[in-house]
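Scope of the values below: all heavy atoms of this structure, side chains included, with no hydrogens, waters or symmetry mates.
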Amino acid sequence: MEPAVHTDALARFGHALSDPTRTRILLNLRRAPGYPSELAEQIGVTRQILSNHLACLRGCGLVVAVPEGRRSRYELADPRIGAALEDLLGLVLAVDPACCPDAVTEGCC
């Protein structure tokens, strides 16, 4: 049986990835840190929506805000998160979507 800390950590990661906007934020931050206004423009959402998602990602422990004068720069909380995203992305892209056709129609994927 896995310790609760492991299942809780993976559940937080899954929650973060369950929303396309949060996923786009994480994928952008895996390449380089960013400022909210730039991230909002890159992702195509309002700054308020981006702020809400960044708060969620901070709460999940996946991103941190680094103060820079009057601004804050956001980055992944740990470089291993970026590596995990790369690994997960490679794995998901390698899976044959035809093996789970119900997932798309049921909103799973």
Side-chain angles (χ1 to χ4, degrees):
M1 177 169 264
E2 288 294 321
V5 68
H6 290 177
T7 56
D8 291 347
L10 287 176
R12 285 194 316 270
F13 197 71
H15 175 72
L17 293 176
S18 71
D19 181 87
T21 300
R22 288 192 298 268
T23 301
R24 286 194 296 268
I25 292 168
L26 290 171
L27 291 174
N28 276 330
L29 292 179
R30 91 182 190 282
R31 289 189 292 270
Y35 298 96
S37 59
E38 295 165 358
L39 287 168
E41 186 176 318
Q42 291 168 353
I43 295 168
V45 297
T46 66
R47 288 195 53 184
Q48 182 61 47
I49 288 173
L50 184 85
S51 177
N52 292 340
H53 287 290
L54 285 171
C56 176
L57 292 170
R58 281 193 319 270
C60 289
L62 298 175
V63 302
V64 293
V66 179
E68 288 187 345
R70 296 175 56 133
R71 298 172 58 175
S72 289
R73 181 186 77 236
Y74 283 82
E75 58 189 46
L76 297 177
D78 187 299
R80 292 175 291 183
I81 296 168
L85 287 166
E86 289 289 334
D87 288 347
L88 186 58
L89 187 58
L91 176 65
V92 170
L93 291 176
V95 173
D96 180 8
C99 71
C100 190
D102 295 336
V104 174
T105 59
E106 293 175 4
C108 174
C109 302

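- For D78, the side chain to side chain donor-acceptor pair (under 3.5 Å) partners are R80, not counting sequence neighbours.
- Annotation for P67 and A65: closest pair CD-O, 3.6 Å, computed over non-hydrogen atoms.
- Between Y74 and L50 the shortest side-chain heavy-atom distance does not fall below 4.5 Å.
- In this view, R47 satisfies the side chain to side chain donor-acceptor pair (under 3.5 Å) rule with no residue, not counting sequence neighbours.
- Membership of an apolar cluster is not assigned to V5, as no side-chain contact below 4.5 Å to another ILVMFWY residue is traced.
- Using a 4.5 Å heavy-atom threshold, the side chains of L57 and L29 count as separate.
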Residues 37-46, side-chain donor-acceptor partners within the protein, below 3.5 Å, at least two apart:
unit_1 : atom_1 : unit_2 : atom_2 : d
T46    : OG1    : I49    : N      : 3.1

Inset, instruction - Please report the C-alpha distance between L17 and L85 in whole Å, then the side-chain angles of each, then the deciding distance to 0.1 Å, and finally whether the side chain to side chain contact (heavy atoms under 4.5 Å, CB included) criterion is met. - result: CA-CA 10 Å; L17 293 176; L85 287 166; 3.9 Å; yes
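- Judged as a salt bridge (Lys or Arg N to Asp or Glu O under 4.0 Å), and not counting sequence neighbours, R22 has no contacts.
- Hydrophobic clustering places L88 together with L26 (ILVMFWY residues linked when any side-chain heavy atoms are closer than 4.5 Å, directly or through intermediates).
- Taken from CG in L54 to CG in L62, the straight-line distance is 11.5 Å, to the nearest 0.5 Å.
- Proximity of a side-chain donor or acceptor of S51 to a complementary backbone N or O of Q48 within less than 3.5 Å is not detected.
- Rounding to the nearest 0.5 Å gives a distance of 10.5 Å between CG of L89 and OG1 of T23.
- Residue pairs meeting the salt bridge (Lys or Arg N to Asp or Glu O under 4.0 Å) criterion with at least one partner in residues 24-35, sequence neighbours excluded, are R30-E86.
- Across A77 and V64, no two heavy atoms sit closer than the pair CB-CG1, 3.8 Å.
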